[in-house]
Amino acid sequence: GNFSKYIPSGAKRVKITCDEQGVLPLAFIKDKKTVVILINPTDCPVSVSTDEDTEYLTAVTDEEKDLEEKIIRGTTEITLSKRSVTTLVF
C-alpha cells in the first residue's frame with residue numbers, strides 16, 4: 001500500500017540518504033510531487049529529520065496502523081515506529 005497508493009505512475013526514483021543507521025530510505029519524484037518512503041526494520045522507534053520545514057502528509061504502516069495518514073506542519077523531525085514503513089508526501 002505505501003508504494004502503490006502514494007508513488008505516481010511514471011515517477012522516477014532519485015537518490016536519497018539517511019544518517020540514521022538501519023533506516024532504509026527510498027525517494028521518487030514526478031512533476032512537483034516528492035514521495036519519500038522510510039523503512040524501519042528495527043525493533044526500536046527511530047527519530048529522523050527532514051530538510052523540509054513545510055506541510056506534508058505522512059502515512060504509517062506498522063503493527064498497529066495500516067496506512068494511517070496525518071498532516072505534519074512546521075516540524076522537521078518525525079519518529080518512525082518499530083518495524084514500520086512510513087511514507088512522506090511533499
Exercise. Please, which pairs that meet salt bridge (charged side-chain N to carboxylate O under 4.0 Å, His left out) have at least one residue in residues 35-45, sequence neighbours excluded?
Worked result: Asp43-Arg83
Exercise. Is there a path from Leu80 to Ile71 through hydrophobic residues (I, L, V, M, F, W, Y) whose side chains come within less than 4.5 Å of each other?
Worked result: no
For this session: Could you grab the distance from atom CD1 of Ile78 to atom OG of Ser49, nearest 0.5 Å is fine?
Result: 9.0 Å
Exercise. Applying the 4.5 Å side-chain criterion to the ILVMFWY set and letting contacts propagate, would Ile37 and Val89 be lumped into a single cluster?
Worked result: yes
Exercise. More than 12 foreign heavy atoms under 6.0 Å from CD of Glu77: is that the case here?
Worked result: yes
Exercise. Is Ile39 reachable from Val35 through a run of hydrophobic residues whose side-chain heavy atoms are each under 4.5 Å from the next?
Worked result: yes
Exercise. At what distance, to the nearest 0.5 angstrom, does CD1 of Ile72 lie from CZ of Phe90?
Worked result: 10.0 Å
Exercise. Hey, does the side chain of Thr61 reach the backbone of Leu67 with a donor-acceptor pair shorter than 3.5 angstrom?
Worked result: yes
Exercise. So do the side chains of Val36 and Thr50 get within less than 4.5 Å of each other, counting heavy atoms only?
Worked result: no
Problem set entry | Residue pairs fulfilling salt bridge (charged side-chain N to carboxylate O under 4.0 Å, His left out) with at least one residue in residues 28-37, sequence neighbours excluded | none
Exercise. Which residues satisfy the salt bridge (Lys or Arg N to Asp or Glu O under 4.0 Å) test with Glu55, sequence neighbours excluded?
Worked result: Arg73
For this session: With sequence neighbours excluded, tell me which residues meet side-chain contact (heavy atoms from CB on, under 4.5 Å) with Val60.
Result: Asp62, Lys65, Ser81, Thr86
For this session: Examine Phe28 and Tyr56 and state if one hydrophobic cluster contains both, with Ile, Leu, Val, Met, Phe, Trp and Tyr joined whenever side-chain heavy atoms are less than 4.5 Å apart.
Result: no
Exercise. Taking only residues two or more places apart in sequence, or in another chain, which ones meet Asp66 in a salt bridge (Lys or Arg N to Asp or Glu O under 4.0 Å)?
Worked result: none
Can you give me every donor-acceptor pair (side chain of residues 3-27, partner residue at least two apart or in another chain, under 3.5 Å) with its distance?
residue : atom : partner : partner atom : Å
Tyr6    : OH   : Glu69   : OE2          : 2.4

Exercise. Taking the side chain from Ser84 and the backbone from Asn40, do they hold a donor-acceptor pair closer than 3.5 Å?
Worked result: no
